[in-house]
Engineer: 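Sharing a structure below in structure tokens format, with a few things to ask.
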Amino acid sequence: MDHSSEEDTDISESEISDYEDKSYEKLKNGSHCVKTSDETFTCPYCPKKRKRDYMYKELLQHASGVGQSSSQKRRAMDKANHLALVKYLEKDLMNVDVPPKPVEESDSSVNPNEQFVWPWIGIVVNIPTRRAGDGRCVGESGSKLRDEYKRRGFNPFRVSPLWNFRGHTGTALVEFNKNWPGFHNALAFEKAYESDHHGKKDWFANQEEKSGLYAWVARADDYKMNNIVGENLRKMGDVKTVSELQEEEDRKQHKLVSNLHNIIQAKNQHLKEIEVRCNETTQKMDVAMGEKDKLIHAYNEEIKKIQSNARDHFQRIFNDHEKLKMQLETHKSDLELRKIELEKREAHNESERKKLAEEMEENAVKNSSLQMASMEQQKADENIFKLAEDQKRQKEDLHAKILRLEKDLDMKQKLELEIEQLQGKLNVLKHMKDDDEDAEVLNKVDTLMKELREKEEAFQDLDEMNNALIAKQRKSNDELQEARNELLNFIKEIPSGGNIGVKRMGELDTRPFLEATRKKYNEEEAEERTSELCSLWEEYLKDPDWHPFKVIMVEGKETEIIRDDDEKLIGLRSEIGEGAYNAVVTALKEINEYNPSGRYISSQVWNYGQGRVATLQEGVQVLLKQWKTYKRKRGMM
């Protein structure tokens, strides 16, 4: 059988449900024998158990106890098999254990107060015997009589011939099932011999010759006889009335029903407690997620405010720098003109020549001052480049800190879940205590309490480190963003040209719309129609409620892509064309990547040669190039 081939393997707790369904299908297909007779059953998963025959309710109680056991000694496969057996008994063999009619209703000839030997035993006498070579008597085997009685419908499970020192006594005891169907079979067995005048009264009647077998059901007088029959009856059973057996069965059934009722109530109470705990955990998670969203929103607002202040501050510095630079250039030009004028007047006279020399000396001093101012300006430019390099390093440090912060946040959430799970397991173990497993449950409770305290201490340490990293991240992010904004504003003032420049992220390209409308309208109408379409789609792009993206897994990471079934984009592609569709998709992706919360156009330093955001190093290279150009022009002057 399949069970014997799987004894050395086991399954995990999470696979119990699937294995239960497979075992149930095998039971339905008849792969295992459960019903051994009309009233008796056996457990196909406990072949080594001493008790092999069960009543329906006894087998159901056995299967439920094993399937729902919390003991670690029980294998998961055994639990799954017995749960499948419970399901099979309740769904497919539900009505097989209906008790038969009371004896007094089905057979009025039986006195409820008459004493019978129980378990039900029939007595067969006058079995033919013969003498063997050793002088002992031999006769028919019990199995032959048992098979004959089964064919006649009496269904005994054993026929035991009685032997003594002389051999076969010519007597046998017929054992029937000790339930009510077995009793009916015993009475039918007795009536069959009585109707043939081979019953008990006929055997004890005074007749000279008796042929054939005589049989009857053993009663109190047979039980008390001082012969081999009485001795074996006293060894095999006891004397009880039918009414006593019915009362005993009623007591057992009432006790079983009461126990099952208590078990169901306990399970329902445990289920309610688990549901309450689950609801509390869900509410806590919802509150935590809400607080997280609020923190993220506040963080984004703070970043926007800091970026705006940094941009204004850098703009003021740049304006002051340009104003001072123009003043220096104007002053220098005036001095040059003055020098030329003094040189022309040098030939007039000596006094004028001396005066000119003095003025030239003053001009030299002023020129020296201007050169020192230029050097100071050069140092300021170098400081700007150094600041950009520092910001690049800070960005790399910030990226490492962000990765560490994300890892700490994941670990923090994992610890929170583990703490909740440990608390849930602890509460479940508190409600599942059993008299036979108190020691094991207490050990589990102690272990879980130690793990819970360790997890809480680790969570507290991680939370403190997380707060410190968040503060450092904000500071580094502020400095990095300030440097990028200064770089962005500086590059805006540089004449266009080269691969590095400023790009407005999320700005809609109108050229595909104009090309599409020119195919349908004249030049004037096409421009008007293009303006209307672009205005409409710019409003769509600004709408935060329109989010035509879906999340897919790419190399183990969540990635957002454009939805193929978005009605607006489908209509745009069919009505305007592929070029306009691609322009809108490009703008959508840029907004979603660089400003998903605000949904407005933002500027970025852009590497047009490679089609991506420029790095700080590339921006610094542009600054160095401009500074060298400016230095070369100053040298030529």
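The figures here come from the full heavy-atom set of this structure, side chains too, leaving out hydrogens, waters and symmetry mates.
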Engineer: Enter the distance from Glu302:CD to Gln307:CD here, rounded to the nearest 0.5 Å.
Structural biologist: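 Glu302 atom CD to Gln307 atom CD measures 11.0 Å (nearest 0.5 Å).
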Engineer: Show your working on side-chain contact (heavy atoms from CB on, under 4.5 Å) between Glu507 and Glu590 and close with a plain yes or no.
Structural biologist: CA-CA 9 Å; Glu507 187 175 38; Glu590 291 177 352; 5.9 Å; no
Engineer: So, taking the atom named CD in Glu20 and the one named CD in Glu15, what distance separates them when rounded to the nearest 0.5 Å?
Structural biologist: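 Between Glu20 CD and Glu15 CD, I get 13.5 Å after rounding to 0.5 Å.
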Engineer: Are side-chain heavy atoms of Thr559 and Val551 found at a separation under 4.5 Å?
Structural biologist: no
Engineer: Which atom names give the shortest non-hydrogen contact between Ala580 and Pro512, and what distance separates them?
Structural biologist: N-CB, 3.6 Å
Engineer: Is there side-chain contact between Leu533 and Ile576, with heavy atoms separated by less than 4.5 Å?
Structural biologist: yes
Engineer: What I want to check is whether the side chains of Asn319 and Gln315 have a donor and an acceptor closer together than 3.5 Å.
Structural biologist: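 Result is yes, a qualifying pair exists.
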Engineer: When you look at Glu560 and Lys589, which way does the side-chain contact (heavy atoms from CB on, under 4.5 Å) test go after all the steps?
Structural biologist: CA-CA 9 Å; Glu560 284 189 334; Lys589 291 180 178 178; over 6 Å; no
Engineer: Using side-chain heavy atoms (C-beta onward) and a distance below 4.5 Å, is Ser23 in contact with His32?
Structural biologist: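 A side-chain contact is absent here, since even the closest heavy-atom pair is not under 4.5 Å.
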Engineer: About how many Å separate CG of Leu588 and CG of Leu541, when rounded to the nearest 0.5 Å?
Structural biologist: 5.0 Å
Engineer: Measure across Pro548 and Asp566 and return the closest heavy-atom pair with its distance rounded to 0.1 Å.
Structural biologist: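 In terms of heavy atoms, the two residues are closest at CB-OD1, 3.5 Å.
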Engineer: Counting only N and O atoms by type, is there a donor-acceptor contact under 3.5 Å from the side chain of Glu273 to the main-chain atoms of His270?
Structural biologist: no
Engineer: Rounded to the nearest 0.5 Å, how far does NZ of Lys267 lie from OG of Ser64?
Structural biologist: 10.0 Å
Engineer: Distance alone, cut at 3.5 Å: any donor-acceptor contact between the side chains of Gln265 and His261?
Structural biologist: yes
Engineer: Restricting to non-hydrogen atoms, name the atom on Tyr54 and the atom on Thr42 that form the minimum distance, rounded to 0.1 Å.
Structural biologist: CD1-CA, 4.3 Å
Engineer: So for atom NE2, which belongs to His547, do other residues, nucleotides or ligands contribute more than 12 heavy atoms lying within a distance under 6.0 Å?
Structural biologist: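 Yes, NE2 of His547 has more than 12 neighbouring heavy atoms, counting only those of other groups under 6.0 Å.
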Engineer: Report yes if some heavy atom in the side chain of Ile591 is under 4.5 Å from a heavy atom in the side chain of Met505; otherwise report no.
Structural biologist: no
Engineer: Is there a side-chain contact between Lys57 and Gln253, using heavy atoms and a 4.5 Å cut-off?
Structural biologist: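 Touching, per the 4.5 Å side-chain cut-off.
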Engineer: Between Ser258 (side chain only) and His254 (backbone N and O only), is there a donor and an acceptor less than 3.5 Å apart?
Structural biologist: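 Absent.
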Engineer: I'd like to know if the side chain of Ser531 reaches the main chain of Glu527, judged simply by a donor and an acceptor atom lying under 3.5 Å from each other, with no hydrogens or angles considered.
Structural biologist: no
Engineer: Could you go through the side-chain contact (heavy atoms from CB on, under 4.5 Å) check for Asp543 and Glu539 one step at a time?
Structural biologist: CA-CA 6 Å; Asp543 185 9; Glu539 292 299 320; over 6 Å; no
Engineer: Test Asn309 against His313 for side-chain contact (heavy atoms from CB on, under 4.5 Å), laying out the working first.
Structural biologist: CA-CA 6 Å; Asn309 293 336; His313 177 69; over 6 Å; no
Engineer: Considering non-hydrogen atoms only, spot the tightest contact between Met77 and Ile11 and give its length.
Structural biologist: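 Heavy atoms only, the tightest pair is N-CG1, 3.8 Å.
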Engineer: Flag yes if more than 12 heavy atoms outside Lys568 fall under 6.0 Å of its NZ atom; otherwise flag no.
Structural biologist: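 Atom NZ in Lys568 is crowded, with more than 12 foreign heavy atoms closer than 6.0 Å.
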Engineer: Can you check whether Leu572 reaches Trp537 side chain to side chain, under 4.5 Å on heavy atoms?
Structural biologist: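 Contact flag for Leu572/Trp537 side chains = yes.
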Engineer: Could you report the tightest heavy-atom contact between Thr530 and Leu514, atom names first, then the distance?
Structural biologist: OG1-CA, 3.3 Å
Engineer: Going from OG1 on Thr517 to CZ on Arg529, what distance comes out if it is rounded to the nearest 0.5 angstrom?
Structural biologist: 8.5 Å
Engineer: Does the structure place the NZ or CZ of Lys28 under 6.0 Å from the centre of the six-membered ring of Tyr88, at an angle of no more than 45° from the ring's axis?
Structural biologist: no
Engineer: Is the shortest side-chain N to carboxylate O distance from Glu280 to Arg277 below 4.0 Å?
Structural biologist: yes
Engineer: Counting only heavy atoms from other residues, nucleotides and ligands, does the tally under 6.0 Å from NZ of Lys87 exceed 12?
Structural biologist: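 Enclosed.
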Engineer: Do Cys43 and Leu59 come within less than 4.5 Å of each other through their side chains, counting heavy atoms only?
Structural biologist: yes
Engineer: Using a strict 4.0 Å threshold on nitrogen-to-oxygen distance, state whether Lys272 and Glu275 make a salt bridge.
Structural biologist: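 Salt bridge flag = no for Glu275 with Lys272.
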Engineer: Side-chain donor-acceptor contacts of residues 286-296 below 3.5 Å, not counting sequence neighbours, with atom names and distances?
Structural biologist:
none

Engineer: Identify the heavy atoms of Tyr45 and Asn81 that sit nearest to each other, and give their distance.
Structural biologist: CE1-O, 3.5 Å
Engineer: Let me confirm one number: the OH-CG distance from Tyr24 to Leu85, rounded to the nearest 0.5 Å.
Structural biologist: 11.5 Å
Engineer: Would you indicate whether the side-chain heavy atoms of Phe549 and Ile561 approach each other to under 4.5 Å?
Structural biologist: no
